[in-house]
Asker: 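After the structure tokens below, expect a handful of questions from me.
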Amino acid sequence: MHIRRDRDGGVWVVGMPAFVADTLRQLPEWIASADPAVRERLLPPAYKDERAEREWERLAHPGLEHLFKSRGEILRQDLASLKQGVLGAMLRIPEPHLSAWLSALNAGRHALFILHEVDPGDLGRDLQAVDDLAHAEALLRMEVLGWVQQLLIDGGGGE
Amino acid sequence: MRSAIVRAHLMTPGVETELEPGTVTREGLAPPWHVIVHDDPITLMIYVTHVFMRVFGYANERAQALMLEVHTRGRAIVWTGDRERAEQYVQTLHGYHLLATLDPAPGG
């Protein structure tokens with residue numbers, strides 16, 4: 001799997017194994033999770049002071065919610081064109097969408113971490129040593145999201 | 001205490017835009033605020049550096065140094081200035097899913 005830039009500044013993620021493509025397809029669903037713990041992580045507090053924090057939530061959260069919703073729509077739009085090539089799946093991310101993707105990949109890692117109650121000590125652990133299969137799969141998908149994120153940044157996709 | 005909380009994100013369909021720090025009307029008069037970023041075990045270090053460069057316009061070296069401070073000390077002051085702009089930065093950082101808070105600067 002690697003990144004190829006196109007003339008318009010967008011990138012192609014090419015040679016994606018099926019599991020990576022499947023993980024990306026599920027990303028919009030994870031970042032839109034209604035799980036209270038996920039929402040709390042995606043909308044963290046800004047102030048220690050309760051009154052200021054309430055004001056913050058009232059005024060800042062709608063803009064963030066709107067941003068996250070738009071981001072999900074951007075991902076769905078790009079994922080609709082995900083296609084299977086000879087050497088794996090291919091996804092084109094237009095240049096204006098790159099920032100949304102990078103943020104969503106991070107959000108997806110957080111959502112999986114919370115939804116699957118991952119122990120921080122399990123991050124980077126040999127997955128074969130993880131007994132619970134669902135847990136191991138969540139860890140692997142988190143790794144995949146981080147891998148794509150790193151490829152996009154290393155490939156200059158976040159500029 | 002006037003809350004200067006953030007203007008809404010302006011969204012163009014299919015294009016993600018960021019909050020830009022707005023016009024500052026009280027700069028030099030109000031006490032300064034710190035923007036603090038806290039460590040979390042999930043966010044990749046390369047992404048944190050990327051966000052600092054993108055949001056604050058920091059050079060790679062400075063962004064990396066701040067990222068390492070977050071990672072090793074658990075938090076770092078990444079920007080200090082007037083409250084309105086600090087709030088805009090925190091909202092932008094929350095948009096990138098970094099744990100960011102505001103604190104009044106001591107003696108400010």
Side-chain angles (χ1 to χ4, degrees), chain A residues 31 41-49 51-53 55-64 66-71 73-74 77-78 94-114 118-121 123 142 145-147 149-150 152-154 158-159, chain B residues 1-20 33-55 57 60 63-64 67 75 83-84 86-104:
Chain A
I31 64 175
R41 173 57 188 85
L42 299 185
L43 294 165
Y47 283 100
K48 289 177 197 155
D49 178 77
R51 190 171 162 189
E53 178 58 23
E55 180 82 345
W56 171 265
E57 288 171 9
R58 187 176 71 82
L59 295 171
H61 282 191
L64 286 166
H66 178 70
L67 175 71
F68 300 158
K69 192 175 174 192
S70 299
R71 194 172 281 164
E73 288 165 6
I74 285 171
Q77 185 183 324
D78 293 343
E95 194 275 336
H97 295 183
L98 285 166
S99 180
W101 270 94
L102 286 172
S103 301
L105 290 162
N106 192 36
R109 284 170 55 83
H110 283 287
L112 284 172
F113 179 81
I114 292 165
V118 175
D119 186 309
L123 298 171
M142 285 178 68
L145 296 178
W147 183 23
Q149 196 182 41
Q150 182 146 5
L152 290 176
I153 294 173
D154 286 344
E159 298 305 316
Chain B
M1 181 166 72
R2 182 175 71 128
S3 178
I5 298 172
V6 288
R7 299 167 181 88
H9 287 239
L10 299 173
M11 301 300 298
T12 303
V15 178
E16 181 169 271
T17 55
E18 292 173 5
L19 291 178
E20 294 295 335
W33 285 70
H34 291 319
V35 173
I36 298 165
V37 171
H38 304 259
D39 190 32
D40 76 67
I42 310 302
T43 304
L44 298 184
M45 293 160 84
I46 187 175
Y47 177 72
V48 176
T49 302
H50 166 80
V51 171
F52 288 167
M53 291 171 68
R54 188 172 179 109
V55 172
N60 182 266
Q64 270 199 347
M67 176 276 292
R75 52 178 256 161
R83 186 180 179 192
E84 180 171 349
E87 286 182 333
Q88 290 170 347
Y89 277 136
V90 167
Q91 194 193 27
T92 301
L93 292 169
H94 285 184
Y96 284 99
H97 309 296
L98 299 194
L99 292 175
T101 57
L102 292 126
D103 257 349

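By convention in this document, chain letters (A, B, ...) are assigned in the order of the sequence lines, proteins followed by strands, and residues within each chain are numbered from 1. This one's a predicted model, so the numbers in the text were calculated from it and none came from an experiment.
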Asker: First locate atom CD1 of A:Ile153, then atom CZ of B:Arg54, and finally report the distance between them rounded to the nearest 0.5 Å.
Answerer: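 A:Ile153 atom CD1 to B:Arg54 atom CZ measures 10.5 Å (nearest 0.5 Å).
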
Asker: Taking all non-hydrogen atoms of both residues, which atom of A:Arg71 and which atom of B:Gly95 are closest, and how far apart?
Answerer: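 Residues A:Arg71 and B:Gly95, closest heavy atoms: NH1-O, 2.8 Å.
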
Asker: Side chain, backbone, both or neither: which part of A:Glu73 has a heavy atom under 4.5 Å from chain B?
Answerer: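 For A:Glu73, no heavy atom lies under 4.5 Å from chain B.
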
Asker: Which residues satisfy the salt bridge (Lys or Arg N to Asp or Glu O under 4.0 Å) test with A:Arg41, sequence neighbours excluded?
Answerer: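 Only B:Asp40 meet the salt bridge (Lys or Arg N to Asp or Glu O under 4.0 Å) criterion with A:Arg41.
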
Asker: What part of A:Pro45 lies closer than 4.5 angstrom to a heavy atom of chain B: side chain, backbone, both or neither?
Answerer: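 Only the backbone of A:Pro45 comes within 4.5 Å of chain B.
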
Asker: Among B:Leu93, B:Thr101, B:Leu98, which residue has the highest count of heavy-atom pairs closer than 4.5 Å to chain A?
Answerer: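 Highest number of pairs under 4.5 Å: B:Thr101.
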
Asker: How close do B:Pro41 and A:Leu123 get, counting heavy atoms only, and between which atoms?
Answerer: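 Minimum heavy-atom separation between B:Pro41 and A:Leu123: O-CD1, 3.4 Å.
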
Asker: Under a 4.5 Å heavy-atom cut-off, does chain B meet the side chain of A:Leu42, its backbone, both or neither?
Answerer: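 When you check distances to chain B, atoms from both the backbone and side chain of A:Leu42 fall under 4.5 Å.
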
Asker: Would you check if A:Met142 and B:Ile42 make a side-chain contact, meaning some heavy-atom pair closer than 4.5 Å?
Answerer: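 Side-chain contact under 4.5 Å: yes.
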
Asker: In Å and rounded to the nearest 0.5 Å, what is the OG1 to CG distance from B:Thr92 to A:Leu64?
Answerer: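 Reported value, rounded in 0.5 Å steps: 8.5 Å.
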
Asker: Could you state the interatomic distance from CG (B:Leu44) to CH2 (A:Trp147), rounded to the nearest 0.5 Å?
Answerer: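 Between B:Leu44 CG and A:Trp147 CH2, I get 14.0 Å after rounding to 0.5 Å.
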
Asker: Any chance you could measure A:Phe68, atom CZ, to B:His94, atom NE2, to the nearest 0.5 Å?
Answerer: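 Interatomic distance, A:Phe68 CZ to B:His94 NE2, rounded to 0.5 Å: 9.0 Å.
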
Asker: Aromatic rings B:His97 and A:His110: how do their planes relate, parallel, tilted or perpendicular, breaks at 30° and 60°?
Answerer: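 Rings of B:His97 and A:His110: tilted, as their planes differ by 30° to 60°.
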
Asker: When rounded to the nearest 0.5 angstrom, what is the spacing between CG in B:Leu102 and CG in A:Asp49?
Answerer: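 One gets 11.5 Å once the value is rounded to the nearest 0.5 Å.
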
Asker: My understanding is that only residues two or more places apart in sequence, or in another chain, count here; which of them pass side-chain hydrogen bond (donor to acceptor under 3.5 Å, both in side chains) with A:His61?
Answerer: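 side-chain hydrogen bond (donor to acceptor under 3.5 Å, both in side chains) list for A:His61, sorted by chain: empty.
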
Asker: Is there a side-chain contact between A:Arg109 and B:Tyr47, using heavy atoms and a 4.5 Å cut-off?
Answerer: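 No. Closest side-chain heavy atoms not under 4.5 Å.
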
